[in-house]
Structures are given as structure tokens and as C-alpha cells.
Amino acid sequence: LLRRKLTLGMVLVAGLALVLSSLAYMAFQARLLRQTKANRALTLARIVGDNSRAALAFNDASAASQILQSLSANPYLERACLFDASGAIFATYPAGASAFPPLEPGDKTEFRAGDLIVFHTIRQRDEKLGTLYLQVGSADLNTASRLNLLFTLALLGTLVLLAIALSFRVQRVITAPLLDLAAVAK
């Protein structure tokens with residue numbers, strides 16, 4: 001009875017510690033994945049914005065459309081739009097896409113309804129030439145989160161089994177002298 005109680009106590013304490021640390025790890029990983037995705041999307045917006053300056057400055061919608069078509073290299077990018085300085089749609093990706101959200105003031109990078117939304121102001125010196133809008137899907141985040149969950153559950157299961165095995169060894173070391181003492185006392 002003493003052995004079982006000791007084993008159960010050690011396993012419960014170790015299991016609780018493992019579950020709490022696993023939850024903390026998963027929360028950290030989820031935040032890190034989202035932040036990394038946002039940073040990559042903002043970097044992409046800056047690159048496309050820099051490449052679009054001349055097209056906006058010279059009112060060349062054809063060149064702007066070609067620049068936006070290069071976004072097809074990103075499989076998670078769903079839609080993009082260049083707004084001119086007045087806020088009118090100047091070019092879109094994919095070509096002919098519509099129903100873009102209204103232009104929002106300032107630069108923004110945020111998750112909305114599962115997608116990453118980026119508004120990036122394009123400037124030439126102090127003059128605002130336009131704004132780039134990007135909508136990036138989150139299928140890659142969902143896949144990475146599922147893989148993290150599977151890895152964490154597998155690791156958690158392995159560590160709980162290890163805790164059980166170690167607790168049997170430790171409880172023998174602790175209970176053997178106590179059981180010997182109890183036998184002498186009888």
C-alpha cells in the first residue's frame with residue numbers, strides 16, 4: 001500500500017509538471033509561429049512596396065500588376081491590392097480580384113478571421129504614393145500547430161512512462177528500509 005501511494009504521488013506530481021510545461025511550450029510555439037509569419041509577411045510587403053514605387057509614381061497600373069503577379073510564388077498569399085495615394089484600387093492580385101476591404105490608415109499587421117492582414121504604406125521620401133494590402137492564409141500555421149501538438153503529446157506520453165518507471169525504482173529505495181523496519185517492529 002505504501003509503495004502504491006508513493007508511486008502514485010510521484011507520477012501525479014511529475015505528470016502535472018509535464019502537462020503544465022507542455023502547455024507553456026505549446027503556447028510559446030503558437031505565439032512564435034504567428035510572430036514569424038507576421039514578420040515574413042511584413043518583409044514581403046516592404047519588398048513589394050519598394051518595387052511598386054515607380055509604378056505608383058508614374059501611374060503605371062500595368063507594371064504594378066506585373067509586380068503583384070510575382071506574389072504567386074507564395075502559396076499562402078490569397079490576395080493583394082495596391083491602393084494609390086487617393087485610396088483607389090490601382091492593381092490587384094490575382095488579376096481581376098475584387099471585394100477588397102476599405103483602405104485603413106497607417107501600417108497594420110494583424111490576424112483577422114484566421115488570415116493575416118497587412119497594410120503597408122508606400123512612400124517616396126515624405127510623399128505617400130500608395131498602400132499595399134496583403135491577405136495571407138493560415139493553413140501553414142494550422143499544419144505547424146498540429147505537428148507541434150502531436151510532437152508534444154508523444155513527448156508527454158514518453159516522459160510519463162519514464163516517470164512511472166523511475167518512480168518504481170525510487171519508491172523501492174525509499175520503502176525497502178521502511179518495510180524492513182516495520183518487519184523488525186512486529
Side-chain angles (χ1 to χ4, degrees), residues 16-57 61-157 159:
L16 180 62
L18 288 170
V19 166
L20 291 176
S21 63
S22 294
L23 290 173
Y25 169 77
M26 289 178 58
F28 172 76
Q29 283 297 317
R31 182 167 167 74
L32 183 64
L33 285 169
R34 287 171 66 95
Q35 188 62 46
T36 300
K37 184 173 188 77
N39 288 342
R40 286 181 179 161
L42 186 56
T43 299
L44 179 63
R46 288 178 179 150
I47 291 168
V48 172
D50 287 349
N51 288 334
S52 301
R53 276 191 195 133
L56 286 164
S62 175
S65 291
Q66 285 180 336
I67 291 166
L68 290 184
Q69 295 313 308
S70 68
L71 294 171
S72 65
N74 184 335
Y76 302 108
L77 195 118
E78 295 174 358
R79 301 185 316 153
C81 176
L82 267 175
F83 295 94
D84 64 18
S86 69
I89 292 177
F90 188 69
T92 63
Y93 169 80
S98 60
F100 286 95
L103 177 62
E104 295 188 17
D107 290 351
K108 290 188 179 183
T109 304
E110 61 188 22
F111 286 88
R112 293 185 195 163
D115 288 337
L116 176 61
I117 304 299
V118 177
F119 283 95
H120 173 67
T121 305
I122 302 166
R123 296 187 182 281
Q124 178 100 12
R125 295 186 187 97
D126 290 333
E127 178 188 358
K128 179 180 175 180
L129 298 175
T131 302
L132 175 65
Y133 164 82
L134 298 177
Q135 180 181 342
V136 185
S138 59
D140 56 334
L141 286 181
N142 296 336
T143 300
S145 294
R146 280 192 296 276
L147 289 174
N148 271 337
L149 177 62
L150 290 174
F151 171 77
T152 302
L153 289 174
L155 182 62
L156 185 61
L159 291 175

> Output every pair passing salt bridge (charged side-chain N to carboxylate O under 4.0 Å, His left out) with a member in residues 19-37, not counting sequence neighbours, ordered by first then second residue.
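Every pair satisfying salt bridge (charged side-chain N to carboxylate O under 4.0 Å, His left out) with a residue in residues 19-37: K37-D140.
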
> Give me the atom names and distance for the closest heavy-atom approach of N51 to I67.
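Scanning both residues completely, I find the closest heavy atoms to be O-CD1, 3.0 Å.
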
> Would you tabulate the side-chain donor-acceptor contacts of residues 115-124 under 3.5 Å, counting partners in other chains and residues two or more places apart, or write 'none'?
{"residue": "D115", "atom": "OD2", "partner": "Q135", "partner atom": "NE2", "Å": "2.8"}
{"residue": "T121", "atom": "OG1", "partner": "D107", "partner atom": "OD1", "Å": "2.8"}

> Tell me which pairs pass ring-ring contact (aromatic ring centres under 6.0 Å, His included) where either residue lies in residues 35-56, with sequence neighbours left out.
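Checked against ring-ring contact (aromatic ring centres under 6.0 Å, His included) - neighbours excluded - no pair reaches residues 35-56.
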
> Given L132 and L68, is the side-chain contact (heavy atoms from CB on, under 4.5 Å) satisfied, shown in steps?
CA-CA 10 Å; L132 175 65; L68 290 184; 3.9 Å; yes

> Do any side-chain atoms of residues 43-50 form donor-acceptor pairs under 3.5 angstrom with protein atoms, and if so which ones, sequence neighbours left out?
{"residue": "T43", "atom": "OG1", "partner": "N39", "partner atom": "O", "Å": "2.9"}
{"residue": "D50", "atom": "OD1", "partner": "R53", "partner atom": "NH2", "Å": "2.9"}

> Identify each donor-acceptor pair in which a side-chain atom of residues 91-105 lies under 3.5 Å from a protein atom, sequence neighbours left out, and give them as a table.
{"residue": "T92", "atom": "OG1", "partner": "P94", "partner atom": "O", "Å": "3.3"}
{"residue": "T92", "atom": "OG1", "partner": "G96", "partner atom": "N", "Å": "3.3"}
{"residue": "E104", "atom": "OE1", "partner": "K108", "partner atom": "NZ", "Å": "2.8"}
{"residue": "E104", "atom": "OE1", "partner": "R112", "partner atom": "NH2", "Å": "2.9"}
{"residue": "E104", "atom": "OE2", "partner": "R112", "partner atom": "NH1", "Å": "3.0"}
{"residue": "E104", "atom": "OE2", "partner": "R112", "partner atom": "NH2", "Å": "2.8"}

> Name the atoms and distances for all side-chain donor-acceptor pairs under 3.5 Å in residues 145-153, with sequence neighbours left out.
{"residue": "S145", "atom": "OG", "partner": "L141", "partner atom": "O", "Å": "2.9"}
{"residue": "T152", "atom": "OG1", "partner": "N148", "partner atom": "O", "Å": "2.7"}

> Taking only residues two or more places apart in sequence, or in another chain, which ones meet L32 in a side-chain contact (heavy atoms from CB on, under 4.5 Å)?
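Here the qualifying residues are F28, Q29, T36.
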
> To the nearest 0.5 Å, what is the distance between OH (Y133) and CD1 (I89)?
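Y133 OH to I89 CD1: 10.5 Å, rounded to 0.5 Å.
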
> Identify, with sequence neighbours excluded, every residue that meets side-chain hydrogen bond (donor to acceptor under 3.5 Å, both in side chains) alongside S62.
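Counting only residues at least two positions away or on another chain, S62 forms no side-chain hydrogen bond (donor to acceptor under 3.5 Å, both in side chains).
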
> Could I get the full list of side-chain contact (heavy atoms from CB on, under 4.5 Å) partners for A63, not counting sequence neighbours?
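With sequence neighbours excluded, A63 shows a side-chain contact (heavy atoms from CB on, under 4.5 Å) to A55, D60, given in chain and number order.
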
> Restricting to pairs with a member in residues 16-26, which pass side chain to side chain donor-acceptor pair (under 3.5 Å), not counting sequence neighbours?
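The answer is none; no pair qualifies.
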
> Report the distance from atom CD of E78 to atom CG of L71, rounding to the nearest 0.5 Å.
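With rounding to 0.5 Å, CD (E78) is 12.5 Å from CG (L71).
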
> Please enumerate all residues that pass side-chain contact (heavy atoms from CB on, under 4.5 Å) together with A88, with sequence neighbours excluded.
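Per chain and number, A88 pairs via side-chain contact (heavy atoms from CB on, under 4.5 Å) with D84, S86.
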
> Going by side-chain contact (heavy atoms from CB on, under 4.5 Å), name the residues that satisfy it together with A61, two or more places apart in sequence or in a different chain.
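Counting only residues at least two positions away or on another chain, A61 forms a side-chain contact (heavy atoms from CB on, under 4.5 Å) with F90.
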
